[in-house]
Amino acid sequence: MPKSVKVKRGLSLNLKGEAEKILVDAPKSKIYTIKPPNFHSIVPKMVVKEGAKLKAGDELFFSKYSDKTRFVSPVSGTLKEIVRGAKRRVLGLRIEADASIDYKDFGVMDPLSASKEEVKERVFSTGLGTFIQQRPYDVLANAEDTPKSIFVSTHNTAPLGASFEFVLKAKMKHFQTGLNVLSQLTEGKVYVGVDAESASELKSVENVEVVNINGPHPAGLVGTMIHEIEPINQGERVWTVRAEDVAIIGEQFTTGKFNAERIVAVAGNAAEERKYFKTLIGAEVKTLLSGQNPAGCRLISGDVLTGAKVEEEGYIDYYANELTIIPEGNHYRMFGWLPFKDNNIHSMSKTSLSWLFPKRKYDVDTNLNGEERALVVTGEMEEVMPLDIYPMQLIKACMAGDIEKMENLGIYEVAPEDFALIDYTNTSKIEAQDIIRQGLDLMITEVG
Amino acid sequence: MSFIRKKLDEIKKPFEPGNKLEKYRPAINALDTFLFVPNHTTQKGAHIRDAVDLKRTMITVVLALIPALIFGMWNTGHQHFMQLGEEVGFMEAFIHGAWKIVPMIVVSYAVGLGIEFIYAIKRGHEVNEGYLVTGLLIPMIMPVDIPLWMVALSVIFAVLIGKEAFGGTGMNILNPALTARAFAFFAYPTYMSGNEVWVSEAGAVDKISGETILGKLAAGTEVPFESIHMFTGVIPGSIAETSTLCILAGALLLMLTKVADWRIIVSGFIGAALMGLLLNALPSLGVEGNDLTNFAWYKHLIVGGLAFGIVFMATDPVSAAQTLKGKWIYGLLIGLLAIMIRTLNPAYPEGIMLSILLMNVFAPTIDHYVVEGNVKKRKKRLQAKTVKTA
């Protein structure tokens, strides 16, 4: 009997503007940018200088606090500029790409016949460690640790999220090799979450435990899977890897080349060309816009709940599989606070009639639909929190910086993305993800 | 619409940051956001947001109060003319009631919102909408003849000591509206209890008793009302507490919109019914009891402020228990205690106010133990783990 995760509490947002399942090559990007802020709490120590010639897979920098995790270039070319912000913080490494990509050869390795140590050494020293996240704290994995287990989710339940089933279609071989690699990194098991409803070949992957996932968002998040299968206790480490990144890891072991291919779903009700684009990590946003002028729109690298705002002249984030384009909502709505008015805006609350049309697809924009207020309403956060955690109490503990309480209430088990739906639904417009992130950062400095 | 918007933007200019009146921004914003949902966009976290906000939630409660309020206005007039022996039409009775009650509402809102605005400006946050409900609740649970200055004083006490002293909206321990009533009750008992305050201008008529049903039961006099009167609310009492029917209409709206937690309402009534049944059973156990304990249990549910209290005050999310399990316990205890105080303590023929205030105080304790259950589970898991690895 395969393991399964069944989620009841949650919310699958039905939004307009899903990406069509058509894969096209994105125009080649001139510049690729690796943004160190994508790696939370990593302080980069540069290895290369401006003007350096790079191959795809050449090292760019490593973490100041752990020199084992190396960060490498997704393309071959010239390091044009190291963009710095306040206090000389490195914000981006702009790499001008060559006409054709020249790969550094890491050599072929069969993860299953190599020793655990060899595999681990290879993963972290060749830049693949950047694809592995650690829970607790939702930061990059530490090469020194051996995780209790590793989790991969191929069922994306986020609104307008890219379908990993589609993304991985042509990469199944590499995906399997990648899973073999991961199975060598842990003492325990590798769990792969798949959509229980689909009959995809993802269900027949080997050397791992397949987990059937059922239910509304956030069912597909790794956090939900971890919580249901092997909840994290104090002092334990669990790793997570995004589905497409598993294939990148696998390909590098199979061919010896770091192929930073990223399939990005362009979606959202303001997107004109809604398709899946094949590009590389760090590509220019405008290469995915198909010439669309995004004035008055918000470009989100990632999904609408957890993604980051990017500019037209900006670059796709390291992990993002989506570019979501929705209209900005900087407009006024007269008497919009009246109950049962403006039912065309989705609401989970029954003070809007939108619940009468569960099948309807909604247009969205970035309007806050209100203002931030004190926490008054209770019980609504629990409705979208499938984990056995008291969300409001945990949020309050984070706000107060009460470490013992945070520990007791399960801070080790959560990542900001687990609270994304609370951001969306809560009446007081509390920034739950931000508060949880700050709480986690406090834990890192105080407990480590 | 765009004309009003332009005009508003013009008015707001001197309040923009860096200008002279910047400090008073929360005040002008409160007025502006009453007309328009602002153009604020998401800056961090999720990029899209639900249509619900606190204004919408609070206005829903106000809507739910309307049936009871309108009935209360009519009933005030009706009771008044009835004791004079006059038969009048709906409008006449309603106008008499409104004439008494609208000034109370105006005073309550003016004083309460005034304090809210001052604190918003002082603390630099936006004006919270909670008072829209509190401000309406306060007059609705007062006897009709209470002087306006007492209403004002009660409001000041409730908002300052009951709410702002604890850090403002969302932080208060006691329900502010009940705090106002408790203040008036203990500070001016002659205006808040007895047999002359429940019917408008009752004292003006000789030998006419305007006691509430519970008052009559406590005094051992006969109750001249049928169950149907108690349910529809054509009886003397605090302004809006009498009609269980209208209150249930409000409760229905609150429960359907999920603005009030149905668990508290349901468990509150269950608790009251249980205590009523228990007390009704006393004679069969050989205890004589009194008129109040022998009052049929289902009638206990429809007289006095029990229904109003459970539906509109116990469900105040800030002062109630916040966990789902906690809400069941909290509601149940409110119901039990309300009837217990009502029947067994002759000094307080109405127990719901004290019972809710008491449970307000205990709500954090209830939550603590519920949450502690979750914490224990986590600790046990950790312990099992360490034992296994050791």
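Within every chain, numbering begins at 1; the chains are lettered A, B, ... in the order of the sequence lines, protein sequences first and strands thereafter.
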Enquirer: Closest heavy-atom contact between A:Ala374 and B:Thr169?
Expert: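 So the minimum-distance heavy-atom pair works out to CB-O, 3.2 Å.
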Enquirer: Hey, is the main chain of A:Ser349 close enough, under 3.5 Å, to the side chain of B:Arg56 for a donor-acceptor pair?
Expert: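 Checked: no pair found.
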Enquirer: How long is the span from the NZ atom in B:Lys44 to the CD atom in A:Glu431, to the nearest 0.5 Å?
Expert: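 The NZ atom of B:Lys44 sits 6.0 Å away from the CD atom of A:Glu431.
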Enquirer: For the pair A:Asp388 and B:Lys377, find out whether any cationic side-chain nitrogen is under 4.0 Å from an anionic carboxylate oxygen.
Expert: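 Looking at A:Asp388 and B:Lys377, the cut-off is met.
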Enquirer: Select one option (side chain, backbone, both, neither) describing which atoms of A:Glu417 are under 4.5 Å from chain B's heavy atoms.
Expert: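 Answer is neither: A:Glu417 stays 4.5 Å or more from chain B.
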Enquirer: Select, from A:Gly410, A:Gly302, A:Gly379, the one with the greatest count of heavy-atom pairs under 4.5 Å involving chain B.
Expert: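 Result: the option with the highest number of such pairs is A:Gly410.
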Enquirer: What verdict does the side-chain contact (heavy atoms from CB on, under 4.5 Å) test give for A:Ile389 and B:Asn374, after you've listed the backbone C-alpha separation in whole Å, the side-chain angles of each residue and the deciding distance to 0.1 Å?
Expert: CA-CA 7 Å; A:Ile389 272 175; B:Asn374 181 274; 5.5 Å; no
Enquirer: Is A:Leu421 close to chain B through its backbone or its side chain, or both, or neither, when contacts mean heavy atoms under 4.5 Å?
Expert: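 For A:Leu421, there is no contact with chain B at all, as no heavy atom is under 4.5 Å.
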Enquirer: For the interface with chain B, which of A:Gly307, A:Ala420, A:Pro159, A:Gly235 has the highest count of heavy-atom pairs at distances below 4.5 Å?
Expert: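 Of the candidates given, the most pairs with chain B belong to A:Gly307.
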Enquirer: Tell me if a side-chain donor or acceptor on A:Asp423 pairs with a main-chain N or O of B:Ala46 at a distance below 3.5 Å.
Expert: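 Looks like yes, one N/O pair under 3.5 Å.
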Enquirer: Does B:Arg378 pair with A:Glu413 as a salt bridge, N-O distance under 4.0 Å?
Expert: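 A:Glu413 and B:Arg378: salt-bridged.
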Enquirer: Find the one option among B:Glu126, B:Met58, B:Gln43, B:Glu372 whose heavy-atom pairs under 4.5 Å with chain A are most numerous.
Expert: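 The residue among B:Glu126, B:Met58, B:Gln43, B:Glu372 with the greatest pair count is B:Glu126.
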Enquirer: State whether the number of non-hydrogen atoms from other residues, nucleotides or ligands found under 6.0 Å of A:Phe340 atom CZ is greater than 12.
Expert: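 More than 12 heavy atoms, drawn from other residues, nucleotides or ligands, come within 6.0 Å of this atom.
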Enquirer: Non-hydrogen atoms of chain B under 4.5 Å away: do they reach the side chain of A:Pro231, the backbone, both or neither?
Expert: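 When you check distances to chain B, atoms from both the backbone and side chain of A:Pro231 fall under 4.5 Å.
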Enquirer: Measuring from B:His47:NE2 to A:Asp365:CG, what's the distance to the nearest 0.5 Å?
Expert: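 Between B:His47 NE2 and A:Asp365 CG, I get 13.5 Å after rounding to 0.5 Å.
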Enquirer: With a 4.5 Å cut-off on heavy-atom pairs, point out which of A:Leu409, A:Asn426, A:Asn408 contacts chain B the most.
Expert: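 Top count of heavy-atom pairs under 4.5 Å with chain B: A:Asn408.
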Enquirer: Drop me the distance from A:Thr378's OG1 to B:Ile264's CD1, to the nearest 0.5 angstrom.
Expert: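 That separation rounds to 6.5 Å.
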Enquirer: Any idea which heavy atoms bring B:Gln322 and A:Glu382 closest together, and the distance?
Expert: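 Scanning both residues completely, I find the closest heavy atoms to be O-OE2, 4.4 Å.
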Enquirer: For A:Lys405, which atoms come within 4.5 Å of any heavy atom of chain B: side chain, backbone, both, or neither?
Expert: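 Neither part.
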Enquirer: Establish, for the pair B:Arg5 and A:Tyr332, whether the NZ or CZ atom is under 6.0 angstrom from the six-membered ring centre and no further than 45 degrees off its axis.
Expert: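 Yes, a cation-pi geometry holds between B:Arg5 and A:Tyr332.
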Enquirer: Provide the closest heavy-atom pair for B:Asp50 versus A:Thr425 in the form atom of the first, atom of the second, distance.
Expert: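 Smallest interatomic distance, heavy atoms only, reads CB-CA, 3.9 Å.
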Enquirer: For B:Met171, is it the side chain, the backbone, both or neither that has a heavy atom under 4.5 Å from a heavy atom of chain A?
Expert: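 No part of it gets close to chain A.
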Enquirer: Could you go through the side-chain contact (heavy atoms from CB on, under 4.5 Å) check for B:His125 and A:Glu372 one step at a time?
Expert: CA-CA 9 Å; B:His125 62 63; A:Glu372 185 168 332; over 6 Å; no
Enquirer: Relative to chain A, which segment of B:Asp9 carries a heavy atom at a distance below 4.5 Å: side chain, backbone, both, or neither?
Expert: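 Looking at B:Asp9, just its side chain touches chain A.
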Enquirer: Check each atom of A:Gln393 against the heavy atoms of chain B and say whether the ones under 4.5 Å are side chain, backbone, both or neither.
Expert: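 Only the side chain of A:Gln393 comes within 4.5 Å of chain B.
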Enquirer: Contact part of A:Leu375 toward chain B, heavy-atom cut-off under 4.5 Å: side chain, backbone, both or neither?
Expert: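 Contact with chain B involves the backbone of A:Leu375 alone.
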Enquirer: Could you tell me which portion of A:Asp434 (side chain, backbone, both or neither) has an atom closer than 4.5 angstrom to a non-hydrogen atom of chain B?
Expert: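 Contact with chain B is through the side chain of A:Asp434 alone.
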Enquirer: For A:Ala432, is it the side chain, the backbone, both, or neither that has a heavy atom closer than 4.5 Å to a heavy atom of chain B?
Expert: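 No part of A:Ala432 comes within 4.5 Å of chain B.
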Enquirer: Checking B:Leu54 against chain A: side chain, backbone, both or neither under 4.5 Å from a heavy atom?
Expert: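 Both parts, backbone and side chain.
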Enquirer: Do A:Glu371 and B:Thr33 pass the side-chain contact (heavy atoms from CB on, under 4.5 Å) test, and can you show the C-alpha distance, the side-chain angles, and the key distance before you say yes or no?
Expert: CA-CA 9 Å; A:Glu371 286 180 298; B:Thr33 58; 3.2 Å; yes
Enquirer: Calculate, to the nearest 0.5 Å, the distance between atoms CG and OG1 belonging to B:Leu254 and A:Thr351 respectively.
Expert: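 Going from CG on B:Leu254 over to OG1 on A:Thr351, the span is 11.5 Å.
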Enquirer: To the nearest 0.5 Å, what is the distance between CG on A:Asn367 and CD1 on B:Ile48?
Expert: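 Interatomic distance, A:Asn367 CG to B:Ile48 CD1, rounded to 0.5 Å: 12.0 Å.
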Enquirer: In terms of heavy-atom pairs under 4.5 Å with chain B, which of A:Lys429, A:Gln234, A:Met348, A:Glu407 leads?
Expert: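 Option with the top pair count is A:Lys429.
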Enquirer: Between A:Glu380 and B:Lys258, does any NZ, NE, NH1 or NH2 come within less than 4.0 Å of an OD or OE carboxylate oxygen?
Expert: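 Salt bridge between B:Lys258 and A:Glu380, a charged N being under 4.0 Å from a carboxylate O: no.
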Enquirer: When you compare the side chain of B:Thr257 with that of A:Pro339, does any pair of heavy atoms fall below 4.5 Å?
Expert: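 A side-chain contact is absent here, since even the closest heavy-atom pair is not under 4.5 Å.
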Enquirer: Give the C-alpha distance, both sets of side-chain angles, the deciding distance and a yes or no for side-chain contact (heavy atoms from CB on, under 4.5 Å) between A:Arg373 and B:Lys55.
Expert: CA-CA 10 Å; A:Arg373 288 290 184 269; B:Lys55 261 199 193 70; 3.9 Å; yes
Enquirer: At their closest point, which heavy atom of A:Val376 faces which heavy atom of B:Pro317, and how far apart are they?
Expert: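 Smallest heavy-atom distance, with atoms named: O-CB, 3.2 Å.
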Enquirer: With no hydrogens and no angle check, do the side chains of B:Thr42 and A:Arg298 hold a donor and an acceptor under 3.5 Å apart?
Expert: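 Looking only at side-chain atoms, A:Arg298 and B:Thr42 do form a donor-acceptor pair, the distance falling under 3.5 Å.
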Enquirer: Using non-hydrogen atoms and a 4.5 Å limit, figure out which bit of A:Ile232 sits close to chain B: side chain, backbone, both or neither.
Expert: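 For A:Ile232, the backbone is the part near chain B, not the side chain.
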Enquirer: Atom CZ in B:Phe34, atom CZ in A:Phe335: separation rounded to 0.5 Å?
Expert: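 Answer rounded to 0.5 Å: 8.0 Å.
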Enquirer: Checking B:Val127 against chain A: side chain, backbone, both or neither under 4.5 Å from a heavy atom?
Expert: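 It is the backbone, since no side chain atom gets that close.
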Enquirer: Minimum heavy-atom separation for A:Tyr390 to B:Val371, with atom names?
Expert: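 For A:Tyr390 and B:Val371, the tightest heavy-atom pair comes out as CE1-CA, 4.0 Å.
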Enquirer: Side chain, backbone, both or neither: which part of A:Asn343 has a non-hydrogen atom closer than 4.5 Å to chain B?
Expert: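 Answer is neither: A:Asn343 stays 4.5 Å or more from chain B.
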Enquirer: For chain A, which candidate among B:Val52, B:Asn29, B:Val318, B:Ile59 shows the most heavy-atom pairs at distances under 4.5 Å?
Expert: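 Among B:Val52, B:Asn29, B:Val318, B:Ile59, the one with the most close pairs to chain A is B:Val52.
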Enquirer: If I measure from the heavy atoms of chain B, does A:Ile422 come under 4.5 Å with its side chain, its backbone, both, or neither?
Expert: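 For A:Ile422, neither part sits under 4.5 Å from chain B.
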Enquirer: I'd like to know which of A:Val364, A:Asn369, A:Asp342, A:Val377 tops the heavy-atom pair count under 4.5 Å against chain B.
Expert: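 If we count pairs closer than 4.5 Å to chain B, A:Asn369 comes out on top.
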Enquirer: Over all heavy atoms of both residues, which pair between A:Ile430 and B:Arg49 is shortest? Give the atoms and the distance, please.
Expert: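 Answer, listing the atom of A:Ile430 first, then B:Arg49: O-NH1, 4.4 Å.
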Enquirer: Establish, from distance only, whether the side-chain atoms of A:Asn233 and B:Arg381 form a donor-acceptor pair under 3.5 Å.
Expert: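 Present: a donor and an acceptor within the cut-off.
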Enquirer: So which of A:His331, A:Lys341, A:Lys309 has the biggest tally of heavy-atom pairs under 4.5 Å with chain B?
Expert: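 Most heavy-atom pairs under 4.5 Å with chain B: A:His331.
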